[in-house]
Amino acid sequence: MTVERYNSREKEPHWQKVWEDRQTFVVRDDDARDPYYVLEMFPYPSGRIHMGHVRNYTMGDVLARYMRARGKNVLHPMGWDAFGLPAENAAMQNKVPARDWTYANIANMKKQLKAIGLSFDWTREFATCDVAYYNQQQKLFLDFLAAGLVTRKKSKVNWDPVDMTVLANEQVIDGRAWRSGAVVEQRELTQWFLKISDFAEDLLDALDGLDQWPEKVRTMQRNWIGRSEGMRLLFEIVPSPKVTGAAVEVFTTRPDTIFGASFIALSPDHPLAGELAASDPVLAEFIAECHRQGTATETLEKAEKLGHFTGIHVKHPVKDGEVLPVYVANFVLMDYGTGAIFGCPAHDQRDLDFAVKYALPVIPVVLPEGAEPDHFVVGTEAYVGPGKIYHSQFLDGLSVEAAKKKIAEYFGAKQVDGRPQGKVEVNYRLRDWGISRQRYWGCPIPVIHCEECGTVPVPVEDLPVKLPDDIPLDKPGNALDHHPSWKHVACPNCGGAAARETDTMDTFVDSSWYFARFTAPNAANPTDPAIAAKWLPVDQYIGGVEHAILHLLYSRFFARAMKKTGHIGLEEPFRGLFTQGMVTHETYKSVAGEWLAPTEVAFETNGTARTARHISTGAAVEIGSIEKMSKSKKNVVDPDEIVATYGADTARWFMLSDSPPERDVQWTEAGVEGASRFLQRVWKLVAESLELGLPDPAATADAAEILAIRKIAHRTTGNVAEEIEGLRFNRAVAQIYELTNALTRFLPSVAAAPTAEGLSALREGIQRLIQVTAPMMPHLAETCWVALGKEGLVADALWPEVDPALLVEDTVTVAVQVNGKLRATIELPLGAPREHIEQLVLSLEPVARMLEGKPPRKLIIVPDRIVNVVV
RNA sequence: GCGGGCGUGAUGGAAUGGUAGACAUACAGGACUUAAAAUCCUGAGAGGGUAGCCUCGUGCGGGUUCGAGUCCCGCCGCCCGCACCA
């Protein structure tokens, strides 16, 4: 029997067209089946998909197709995160409008995604740069504004003076702009903020309920939100002509160490520091120096603790008659707590470093357990552990926790400057989300600035605020600002001359609610709350771990804000989250040290040794480390080429095999070959089974073999389902291999003795194989489905039932250990009685030999599993 | 520094506290072929023995248990995230 090879190049486009023509994956809101929402993070339209996309979307697709087979009404949409800087850069470089560049990229990537055979409902597709989408986003903004979820305030930003734009922290490398290389300046700009910090507590608490999220992501978000319990404390300023204020307010988590205080430190940005600098040129210079160093964040960890004494003092709040010096210190941050601290060098490392440098007293007030009060000394390492408070008058003898309570009561009852001196407070690291960007390729912030009326929201009936088509590209910076006419409008309030806000929104805003828009992509409002209620939350969200904090936190905030403004009815947008690993590849370097692409290199193997040389020059090539695929290292593999060579099914299968989905997967030629080989094996199996004739009444077959095949087919059906539901695709793949191997071995026996039972078991097994493989290799499965003479599409077929009777075994292999070491295995009927097992085991040769005629000291019998004889 | 994760054959990786290495890749041998490719079959953790078998083996050292890759304690190494957050 010779079987023609499966031709994916011919079959795959065919089935893609069939699915499209039949609208197989178009989902209706009024479908009676159970809804299930699978979503993969939508891509930025860079122009080409990469293997990471293939992996991400294949995983989602397997789940979506599986859930359809389970009778669910599956929403599996796709769109484009289409605003952003690359389009502006492309526009500048290639003199092509950002819009054109973006939509051309989308068209190309859509074609590429379709060639992968993904079961998306393309009727719901949108791009965030579609006017229809950002129009709704502007409505959301106005609703948030009305609900008090938006503020406008001055804030420090990284300013690139060459490109004339604000940079995100990630875009500043060693104090320089990543693109222009200019030294980044700190500038105060008035910016729009979304008040994510209003929800800090809820965003933190609700993490506990996200039990289908990776622990890692929850932990990262917890740390990012950064809750800490402490106190605000007022320190009364010793009257001085230099200052007008009466007190300095600090935040501390260690009020219990107040008796160990030896100084106060202000942030260089603290208002009091500014006030003092006005009359102190040395201090002013110090503050300026701090600002220069400010952005080189990476070097901060080694940076020396530096300070400048201001000349003023505060009264010690608990030690009568004593005062504490006030410093300005470079390590105190203005935007956390109050921008001022009290230093307790004995119990805080930074304070200790500072105290050592400026010869300030180190007063231990927490005594570790077992330490002698007279001999306990803090040297170069602060003691931050638990212990008993001492040297602290009325706190003496208390634990750290008890002392915190007592001192809180104490300061709560005292008054300074007409206020309670101390107040218990919870502080969060999470800050409000600055969304203003001085870019044009983004969603315009729908606000108008009027000299008379101030900041006026654009009336909702005037929306959308559309981006202009004729964007000037000749100048760096924000083209909306340079545009000759766009920003000049009449004030909606007074009708006078006014100007539009020219900042656009951070692109993270666009991606913070797209999952909700997919539920009603054409609704006249941001959502249709009734439909959103049907679909949300997303049952399974899949994407890269690089979005663990920002995107996923912003989306959680948006869900809350949208609930508050009546757009959706829930707070957590994603019930299940899965973060998949990256796609990696070997790297190659020429002798000259240049990176080489995999296609430029040829390999030779000699036993296990593997060498490489350059294809065109023949020169030796160094095989380097395995890295994430990246253009700079040239270790990328183009999905189009893989699809053209091997087909989408092979690429999909390989992406799912071997590596657990949350870990990195290494793309290798050998691996793809293996996947391709498997696909051909399945096809061959199906084709050969079809060549078998009618049953031969004279034939006799091995009934046990037939039963075994039926059992493995049913078991595989159940196991693959379980593995897919748990997103353990690699294990599902292994199960499918086992079934395939079993069927491949079974086929010749059936061919030799074609009984009716044998043929039926083979056909059933093969049909099951096709169905469990279908979510992963859908084109092959459809082809086989037709070949097997089945009606309709396998994509519409329900997952096969499992006969529970076929899952139980009547015999089991029981392991026999002596002293915990395997010595033998025995075949036993299921549920064999203990006495029978005991007798049998003790008579086994290896057991008897070890026992040397003595009775066993102990005999552990775990029925149907294991026996352990303790000698 | 803090937090999270991970260490298993040549490689990717399996393994509800119960037969370590499923499944795949690479490799070796064989069949088919004039030959190669493809395909099929077989072998294989390491070491020892003609063989039945034996010894060792999941980063290292302890512990709990009849039994530990799995649980506990202490190290070592790698990866990721955050990082002067008072």
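Lettering of chains follows the sequences in order, A, B, ..., and the numbering in each one begins at 1. Being a predicted model, the structure only gives us computed values, none of them experimental.
- Counting any heavy atom pair closer than 4.0 Å across all strands shown, Asn730(A) reaches sugar-phosphate atoms only and no base atom.
- Donor-acceptor pairing under 3.5 Å is recorded for the side chains of Glu586(A) and Tyr588(A).
- Closest contact between the side chain of Ala670(A) and the listed nucleotides U16(B), A26(B), C84(B) involves A26(B).
- The cationic atom of Lys305(A) (NZ for Lys, CZ for Arg) lies less than 6.0 Å from the six-membered ring centre of Phe331(A) and within 45° of the ring axis.
- In the set C82(B), C84(B), U19(B), U19(B) carries the atom at the smallest distance from any side-chain atom of Ala815(A).
- Annotation: salt bridge (Lys or Arg N to Asp or Glu O under 4.0 Å) contacts of Asp335(A) (sequence neighbours excluded): Arg431(A).
- A cation-pi arrangement, defined by a distance under 6.0 Å to the six-membered ring centre and an angle within 45 degrees of its axis, is present between Arg429(A) and Trp224(A).
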What nitrogen or oxygen pairs link the protein and nucleotides 78-80 of chain B at under 3.5 Å?
from, atom 1, to, atom 2, distance (Å)
C80(B), O2', Lys216(A), NZ, 3.2

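- Val332(A) comes within 4.0 angstrom of a base, heavy atoms only.
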- Item | Full working for side-chain contact (heavy atoms from CB on, under 4.5 Å) between Leu769(A) and Leu685(A) | CA-CA 10 Å; Leu769(A) 171 65; Leu685(A) 179 66; 3.8 Å; yes
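- For Asp353(A), there are no salt bridge (Lys or Arg N to Asp or Glu O under 4.0 Å) partners two or more places apart in sequence or in a different chain.
- As rounded to whole Å, 15 Å separates atom P of A83(B) from atom NZ of Lys305(A).
- A donor atom on one side chain and an acceptor atom on the other are not found under 3.5 Å apart for Ser228(A) and Asn427(A).
- Looking at residues two or more places apart in sequence or on another chain, you find a salt bridge (Lys or Arg N to Asp or Glu O under 4.0 Å) between Glu723(A) and Arg728(A), Arg731(A).
- The closest donor-acceptor contact from the side chain of Arg556(A) to the backbone of Leu203(A) lies under 3.5 Å.
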- Which is it for Met220(A) and Arg222(A) under the side-chain contact (heavy atoms from CB on, under 4.5 Å) test, yes or no, and what are the steps along the way? CA-CA 5 Å; Met220(A) 283 164 74; Arg222(A) 263 185 212 112; over 6 Å; no
Residues 253-261 of chain A, side-chain donor-acceptor partners within the protein, below 3.5 Å, at least two apart:
from, atom 1, to, atom 2, distance (Å)
Arg254(A), NE, Asp256(A), OD1, 3.2
Arg254(A), NE, Asp256(A), OD2, 3.3
Arg254(A), NH2, Asp256(A), OD2, 3.0
Thr257(A), OG1, Arg254(A), O, 2.8

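- As rounded to whole Å, 19 Å separates atom P of G3(B) from atom CD of Gln221(A).
- Here the C1' atom of nucleotide G12(B) and the CZ atom of Arg55(A) are 11 Å apart, to the nearest Å.
- Counting heavy atoms of neighbouring residues, nucleotides and ligands inside a 6.0 Å radius, atom CD of Glu827(A) exceeds 12 of them.
- Nearest to the side chain of Asn223(A), among G3(B), G18(B), A86(B), sits G3(B).
- In the model, Glu627(A) has a side-chain atom that pairs as donor or acceptor with a side-chain atom of Ser625(A) under 3.5 Å.
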- Contact pattern, 5' to 3', of nucleotides 46-75 of chain B - B, S or - by protein heavy atom under 4.0 Å: --------SSS---------BS--------
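- Nucleic acid contact for Gly337(A): none, since no nucleic acid atom lies under 4.0 Å from a heavy atom of the residue.
- Separating the CD atom of Glu229(A) from the P atom of A86(B) is a distance of 12 Å, rounded to the nearest angstrom.
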- Query: Can you list the steps and then say if Lys216(A) with Val545(A) is a side-chain contact (heavy atoms from CB on, under 4.5 Å)?
  - Reply: CA-CA 9 Å; Lys216(A) 176 184 174 149; Val545(A) 74; 4.1 Å; yes
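- If you take CZ of Phe251(A) and P of C84(B), they are 16 Å apart, rounded to a whole angstrom.
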- Whenever both distances are under 3.5 Å in a Watson-Crick or G-U wobble pair, mark it; put RNA chain B into dot-bracket that way, with [ ] for crossing pairs and | when the partner is on another strand. (((((((..(((.....[....))).(((((.......))))).((((....))))..(((((..]....))))))))))))....
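- Atom name P, nucleotides G59(B) and A10(B): the rounded distance is 14 Å, in whole Å.
- When the P atom is compared between A46(B) and G9(B), the two are found 12 Å apart, to the nearest whole Å.
- A heavy atom closer than 4.0 Å to some atom of RNA chain B occurs in Asp658(A), Ser659(A), Pro660(A), Arg663(A), these being the qualifying members of residues 657-664 of chain A.
- Look at CZ on Arg431(A): it is 13 Å from C1' on C82(B), rounded to the nearest Å.
- When rounded to the nearest whole Å, the span between CE of Met655(A) and C1' of G12(B) equals 13 Å.
- Residue pairs meeting the salt bridge (charged side-chain N to carboxylate O under 4.0 Å, His left out) criterion with at least one member in residues 664-673 of chain A, sequence neighbours excluded, do not occur.
- Annotation: U70(B) and U65(B) have their P atoms spaced 16 Å apart (nearest Å).
- Evaluation of the ring-ring contact (aromatic ring centres under 6.0 Å, His included) rule for Trp213(A) yields no partner, not counting sequence neighbours.
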Pull out every protein N or O sitting under 3.5 Å from an N or O of nucleotides 38-44 of chain B, one pair per line with the distance.
from, atom 1, to, atom 2, distance (Å)
U39(B), O2', Lys684(A), NZ, 3.1

- Before giving the answer on side-chain contact (heavy atoms from CB on, under 4.5 Å), spell out for Ile264(A) and Ile341(A) the whole-Å C-alpha distance, their side-chain angles and the decisive distance to 0.1 Å. CA-CA 6 Å; Ile264(A) 296 288; Ile341(A) 60 156; over 6 Å; no
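- As rounded to the nearest Å, U16(B) and G69(B) have P atoms that lie 13 Å from one another.
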Show which side-chain atoms of residues 733-740 of chain A pair as donor or acceptor with protein atoms under 3.5 Å away, not counting sequence neighbours.
from, atom 1, to, atom 2, distance (Å)
Gln735(A), OE1, Asn719(A), ND2, 3.2
Tyr737(A), OH, Trp653(A), NE1, 3.2
Thr740(A), OG1, Ile736(A), O, 2.7

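- Comparing the P positions of A37(B) and G48(B) gives an interatomic distance of 33 Å, to the nearest angstrom.
- Put simply, CG on Asp353(A) is 16 Å from P on A86(B), counting in whole angstrom units.
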